[in-house]
Amino acid sequence: MSSARSEATMADVAHRAGVSVSTVSRTLRGLSTVSDTTRARVEAAARELSFAITRSASSLVTGRTGRVAVLLPHLESWFLSAALAGMAPALREAGLDLLVYSVADVRERADFFDRLPARRNADALLVVSFSLTPAERARLDDLGMPLVFVSQHAPGRPSVYVDDADAALRGTRHLINLGHRRIAFLQTADTTGFHWSSKNRLAGHLRALDEAGLEHDEALVMSVPGWKGSGMGAAVGRLLSLQDPPTALFTETDDMAFRLLAALREANVPVPGRVSVMGFDDHVMAGVLGLTTLAQPAADLGRTAVRLARSVIDDSDGAHQRHIVLPTELVPRGSTGPPPSGSQLAAGSALG
């Protein structure tokens with residue numbers, strides 16, 4: 001009997017459920033044209049016969065794989081993992097599988113764009129946090145599948161993102177309103193092209209300085225090697241050793257802010273007593289560590305990207321040109337406060 005069950009066909013399910021083979025196919029592929037009563041009968045029959053339609057069989061009928069691919073730089077950062085966590089349940093709800101391509105370095109990136117492994121393996125590709133070259137974008141066009149850009153605005157392409165420049169502008173305004181006039185911006189010094197947000201966030205920061213009539217001091221824009229913020233101690237040492245050092249430090253990401261807080265603690269520099277610190281993301285640990293930050297809805301970005309991808313796959317009207325901007329929110333916490341009253345940080349600080 002177990003052998004018969006293992007070899008059950010769609011026709012067997014149709015016979016047991018008392019419906020046509022095409023109805024079984026539509027039901028097991030999750031199409032909405034089947035009534036709830038019929039769906040329940042077919043699913044019960046399929047369970048009794050231990051039958052499940054295969055992706056390959058479904059693909060022959062629909063021309064679709066039932067999979068959505070995701071291309072992202074790595075799985076280590078909080079933002080990327082949170083966005084991916086938002087995608088997974090949305091895909092399950094839609095009856096779609098998730099195929100992840102993580103390219104962690106320049107070699108893997110070149111290999112991906114050379115081989116295009118996602119070709120014919122998915123119905124859409126979600127491109128997360130990539131600054132693509134024109135040649136790479138042309139290669140993705142060769143995939144012959146819909147593309148949805150996540151956490152970045154892609155002109156002429158469906159995309160889901162936050163307004164990084166506006167968020168950073170509001171963050172810097174917060175520091176200015178607290179009384180800070182010397183505000184440093186710490187960004188990732190990454191030559192791989194994985195981190196595209198820094199440019200827009202820096203632009204918003206500088207625009208806030210312009211609005212307040214504050215000068216742009218190039219010495220207050222510091223690039224820290226690596227997305228993990230390695231070398232943070234040396235970078236902070238250079239900033240706090242300036243003749244007129246900053247009283248506030250604004251980092252591109254919360255991940256960098258955490259390492260900044262550690263470097264300041266190691267050097268016995270009080271936060272926010274001598275210097276204020278602000279991040280960007282609202283990492284799950286930001287509240288625990290009392291970090292003021294710009295919160296962006298990482299999981300919602302993932303969920304929204306899946307919904308947009310489904311619309312593009314189904315060729316919904318206007319889906320190919322849709323741009324969805326999700327809100328950000330300033331979350332003030334204990335890492336920011338007024339600058340030291342009546343004084344500046346001394347040149348040649350403990351880090352200098």
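The main-chain N or O of Val34 is never found under 3.5 Å from a side-chain atom of Thr38 such that the two would form a donor-acceptor pair. Ser159 places no side-chain N or O within donor-acceptor distance of the main-chain N or O of Pro155, the cut-off being under 3.5 Å. A donor-acceptor distance shorter than 3.5 angstrom exists from the side chain of Glu136 to the backbone of Thr133, with no hydrogens or angles considered. Within the 3.5 Å criterion, the main-chain N or O of Val150 finds no donor-acceptor partner in the side chain of Tyr161. When atom types are taken as modelled, the side chain of Arg303 and the backbone of Gly86 share no donor-acceptor pair closer than 3.5 angstrom. Side-chain atoms of Asp114 never come within 3.5 Å of backbone atoms of Ala110 as a donor-acceptor pair (strictly under, hydrogens ignored).
Annotation: Glu93, atom CD; neighbour count of heavy atoms from other residues, nucleotides and ligands within 6.0 Å does not exceed 12. Counting heavy atoms of neighbouring residues, nucleotides and ligands inside a 6.0 Å radius, atom CG of Asp36 does not exceed 12 of them.
Both Leu126 and Val312 sit in one connected hydrophobic cluster of ILVMFWY residues. Membership requires side-chain heavy atoms under 4.5 Å apart, directly or through other members. In the hydrophobic cluster analysis, where Ile, Leu, Val, Met, Phe, Trp and Tyr join through side-chain heavy atoms closer than 4.5 angstrom, Leu98 is grouped together with Val160. Following chains of ILVMFWY side-chain contacts shorter than 4.5 Å, one cannot reach Leu220 starting from Leu169, and the two form parts of different hydrophobic clusters. Leu249 and Ile176 fall into different hydrophobic clusters, defined by Ile, Leu, Val, Met, Phe, Trp and Tyr side-chain heavy atoms under 4.5 Å apart, directly or through other members. Linking ILVMFWY side-chain heavy atoms closer than 4.5 Å, directly or via other members, places Leu202 and Phe79 in two distinct hydrophobic clusters.
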Full working for side-chain contact (heavy atoms from CB on, under 4.5 Å) between Val19 and Arg41: CA-CA 9 Å; Val19 298; Arg41 198 160 70 244; 3.4 Å; yes
Verdict with supporting geometry, Leu240 and Leu264, side-chain contact (heavy atoms from CB on, under 4.5 Å): CA-CA 10 Å; Leu240 297 188; Leu264 292 169; 4.0 Å; yes
Working for side-chain contact (heavy atoms from CB on, under 4.5 Å), residues Gln187 and Val221: CA-CA 8 Å; Gln187 61 186 351; Val221 177; 3.7 Å; yes
Side chain to side chain donor-acceptor pair (under 3.5 Å) between Gln296 and Asp282, worked out: CA-CA 7 Å; Gln296 62 169 327; Asp282 204 22; over 6 Å; no
Residues Arg238, Ser241; criterion side chain to side chain donor-acceptor pair (under 3.5 Å); working and verdict: CA-CA 5 Å; Arg238 289 193 294 274; Ser241 296; over 6 Å; no
Candidate pair Leu99 and Val70, rule side-chain contact (heavy atoms from CB on, under 4.5 Å), full reasoning: CA-CA 6 Å; Leu99 183 62; Val70 179; over 6 Å; no
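Between Arg157 and Asp141 there is a salt bridge, with a side-chain nitrogen of the basic residue lying less than 4.0 Å from a carboxylate oxygen of the acidic one. A salt bridge links Asp244 to Arg182: at least one charged side-chain nitrogen sits closer than 4.0 Å to a carboxylate oxygen. Between Asp12 and Arg16 there is no salt bridge, since no side-chain N of the basic residue sits under 4.0 Å from a carboxylate O of the acidic one. A salt bridge links Asp166 with Arg170: the closest approach of a Lys/Arg side-chain nitrogen to an acidic carboxylate oxygen falls below 4.0 angstrom. Look at Arg207 and Asp210 and you find no salt bridge, because none of the NZ, NE, NH1 or NH2 atoms lies under 4.0 Å from a carboxylate O.
You'll find the ring centres of Phe258 and His283 inside the 6.0 Å limit.
The nearest pair of heavy atoms linking Gly279 to Leu291 is N-CD1, 4.0 Å. Nearest heavy atoms, Met222 versus Ala235: CG-CB, 3.7 Å. Of all the heavy atoms in Ala11 and Val21, the pair that sits closest is CA-CG2, 4.0 Å. Of all heavy-atom pairs spanning Pro245 and Leu239, the tightest one is CB-O, 3.6 Å. A pairwise comparison of heavy atoms in Pro246 and Val275 identifies O-CG2, 4.3 Å as the closest pair. Across all their heavy atoms, His180 and Thr247 have their closest contact at ND1-OG1, 2.6 Å.
At a cut-off of 3.5 Å, with distance as the only test, a side-chain donor of Asp254 or Thr293 sits close to an acceptor on the other residue. At a cut-off of 3.5 Å, with distance as the only test, no side-chain donor of His153 or Asn200 sits close to an acceptor on the other residue. With no hydrogens or angles considered, a side-chain donor-acceptor pair links Ser22 and Ser20 at under 3.5 Å. Side-chain polar atoms of Thr336 and Thr292 form a donor-acceptor pair below 3.5 angstrom.
Rounded to the nearest 0.5 angstrom, Met278 CE and Leu260 CG are separated by 12.0 Å. Rounding to the nearest 0.5 Å gives a distance of 15.0 Å between CD of Glu266 and CZ of Arg259. Rounded to the nearest 0.5 angstrom, Leu206 CG and Glu211 CD are separated by 11.5 Å. Between the OG atom in Ser198 and the CZ atom in Phe280 there is a gap of 11.0 Å [rounded to 0.5 Å]. Atoms CD1 and CZ, from Ile324 and Arg322 in turn, are 4.0 Å apart once rounded to the nearest 0.5 Å. Note that OG1 of Thr251 and CG of Leu261 are 8.5 Å apart. Values are rounded to the nearest 0.5 Å.
For the pair Arg137 and Phe113, the cation-pi test (distance below 6.0 Å, angle within 45°) is failed. Both the sub-6.0 Å distance and the 45° axial angle are not jointly satisfied by Arg201 relative to the ring of Phe185.
Side-chain contact check for Glu329 versus Leu294: every heavy-atom pair is 4.5 Å or farther apart. For the pair Trp78 and Met285, the minimum side-chain heavy-atom distance is 4.5 Å or more. Taking the side chain as every heavy atom from C-beta outward, Leu186 and Met232 approach each other to under 4.5 Å. Under the 4.5 Å side-chain criterion, counting only non-hydrogen atoms from C-beta, Phe149 is in contact with Val127. Residues Thr188 and Val224 are not in side-chain contact: their nearest non-hydrogen atoms beyond the backbone lie 4.5 Å or more apart. The closest side-chain heavy-atom distance from Asp97 to Leu91 is not below 4.5 Å. Residues Ser77 and Asp255 meet the side-chain proximity criterion, which asks for heavy atoms closer than 4.5 Å. Contact check for Val148 versus Leu125: no side-chain heavy atoms found under the 4.5 Å cut-off.
For the pairing with Met87, the side-chain contact (heavy atoms from CB on, under 4.5 Å) check across Val128, Val100, Val68 returns one residue only, Val128.
Aromatic ring pairs are classed by plane angle as parallel below 30°, tilted from 30° to 60° and perpendicular above 60°; the pair His205 and Phe250 is perpendicular.
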